**Student:** 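Encoded as structure tokens, here's the structure I'll be asking about.
Naming: A, B, ... by sequence-line order, numbering from 1 per chain. Quick caveat, the model's predicted, so the values are computed rather than measured.
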Amino acid sequence: MILKREFYLQPTLKVARELLGKKLCYGDLEGRITETEAYLKDDRACHASRGMTERNSVMFGPPGHAYVYFTYGMHHCMNVVTQPESVAEAVLIRAVEPLNGVEEMIRNRGREKNIADGPGKLCQAFGIDKRLNGIDMTRGKFVVRDDGFRPKKIDKGRRIGIKLDADKLWRFYF
DNA sequence: ATTGGGATCGTCT
DNA sequence: GACGATCCCAATA
């Protein structure tokens, strides 16, 4: 079943944990989510922490929508917005294990290994870019599904690549 | 196995 | 005008 609005209204740290093991689906491409990071409103590492800008405005919108941004001049990263409108929090999808459409992902990536084991890599593998910024992930062809899979054990650690609030253990993986 | 540098450009100060 | 919620390759140990 497709994850719906209520799922994304739970506390953001809980959403980040519970997204692990769910399936990220974009058309026929599917991958098991294996790593996430939470970004909270009073968190200096969060793009929204210094107010709304054109880039981060989707984070201030309704839950269950995709926040896709472009960074380092060459990579896209994707989040799912959590919390009600005007509460700017989100969960970054950092890695997935390819399940379906692997051949297409390999084509998109131009290599056979390390297909989707990073936030920029999975966006390239799935063909996710700014065109998907702001779209509703509770319906349509870009969604997260629960197929009953549950991770055996979930680990946590520091978030990657940030300077501010780097001590928070808000990265989850299995 | 780990580390360091370069690529590259949209966004924010 | 500076720098990033990154990736890849090459060099090192």
**Student:** Would you say C/dT6 has OP1 or OP2 under 4.0 Å from some side-chain N or O of A/Arg94?
**Tutor:**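 Checking A/Arg94 against C/dT6: at least one side-chain N or O falls below 4.0 Å of OP1 or OP2.
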**Student:** Both atom distances under 3.5 Å, Watson-Crick or G-U wobble: I'd like the secondary structure of DNA chain C as a dot-bracket string, with | for pairs made across strands.
**Tutor:** ||||.|||||||.
**Student:** Would you please confirm or rule out a distance under 4.0 Å between OP1 or OP2 of C/dG4 and any side-chain N or O of A/Lys163?
**Tutor:**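 Yes.
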**Student:** Contact class for A/Arg159 (heavy atom, under 4.0 Å): base, sugar-phosphate, or nothing?
**Tutor:** nothing
**Student:** Determine, stepwise, if the pair A/His65 / A/Met137 fulfils side chain to side chain contact (heavy atoms under 4.5 Å, CB included).
**Tutor:** CA-CA 5 Å; A/His65 287 234; A/Met137 297 187 71; 6.0 Å; no
**Student:** Checking all strands, does A/Arg158 fall into the base, sugar-phosphate, or nothing category for heavy-atom contacts under 4.0 angstrom?
**Tutor:** nothing
**Student:** What does the B/S/- profile of nucleotides 3-10 of chain B look like, 5' to 3', with a 4.0 Å heavy-atom cutoff to protein?
**Tutor:** ----BBBS
**Student:** Please check the phosphate of C/dA5 (OP1 and OP2 only) for any side-chain N or O of A/Arg171 closer than 4.0 Å.
**Tutor:**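 False: A/Arg171 side-chain N/O out of range (4.0 Å or more) of C/dA5 OP1/OP2.
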**Student:** Does a side-chain N-to-carboxylate-O contact under 4.0 Å join A/Arg159 and A/Asp43?
**Tutor:** yes
**Student:** Which whole-number value in Å describes the distance from A/Arg109 CZ to C/dC8 P?
**Tutor:**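 Value for this atom pair: 4 Å.
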**Student:** So, is A/Lys121 near the phosphate of C/dC8, with a side-chain N or O under 4.0 Å from OP1 or OP2?
**Tutor:**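 For A/Lys121, the contact criterion (side-chain N or O under 4.0 Å from OP1 or OP2 of C/dC8) is met.
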**Student:** Using a 4.0 Å heavy-atom cut-off, does A/Ile162 contact any base of the nucleic acid, only the sugar-phosphate backbone, or nothing at all?
**Tutor:**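 Sugar-phosphate, no base atom in range.
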**Student:** Could you work out, with ring pair (Phe, Tyr, Trp, His ring centres under 6.0 Å) as the rule, every residue matching A/Tyr69, not counting sequence neighbours?
**Tutor:**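 Ring pair (Phe, Tyr, Trp, His ring centres under 6.0 Å) check on A/Tyr69 returns A/His47, A/Tyr67.
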**Student:** Using distance alone, with no hydrogens and no angle criterion, decide if A/Glu37 and A/Tyr39 have a side-chain donor and acceptor under 3.5 Å apart.
**Tutor:** yes
**Student:** Describe the nucleic acid contact of A/Asn79 in one word from base, sugar-phosphate, nothing, applying a heavy-atom distance below 4.0 Å.
**Tutor:** base
**Student:** Under 4.0 Å: is that the gap between some side-chain N or O of A/Arg111 and OP1 or OP2 of C/dC9?
**Tutor:**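 Affirmative; the distance criterion is met.
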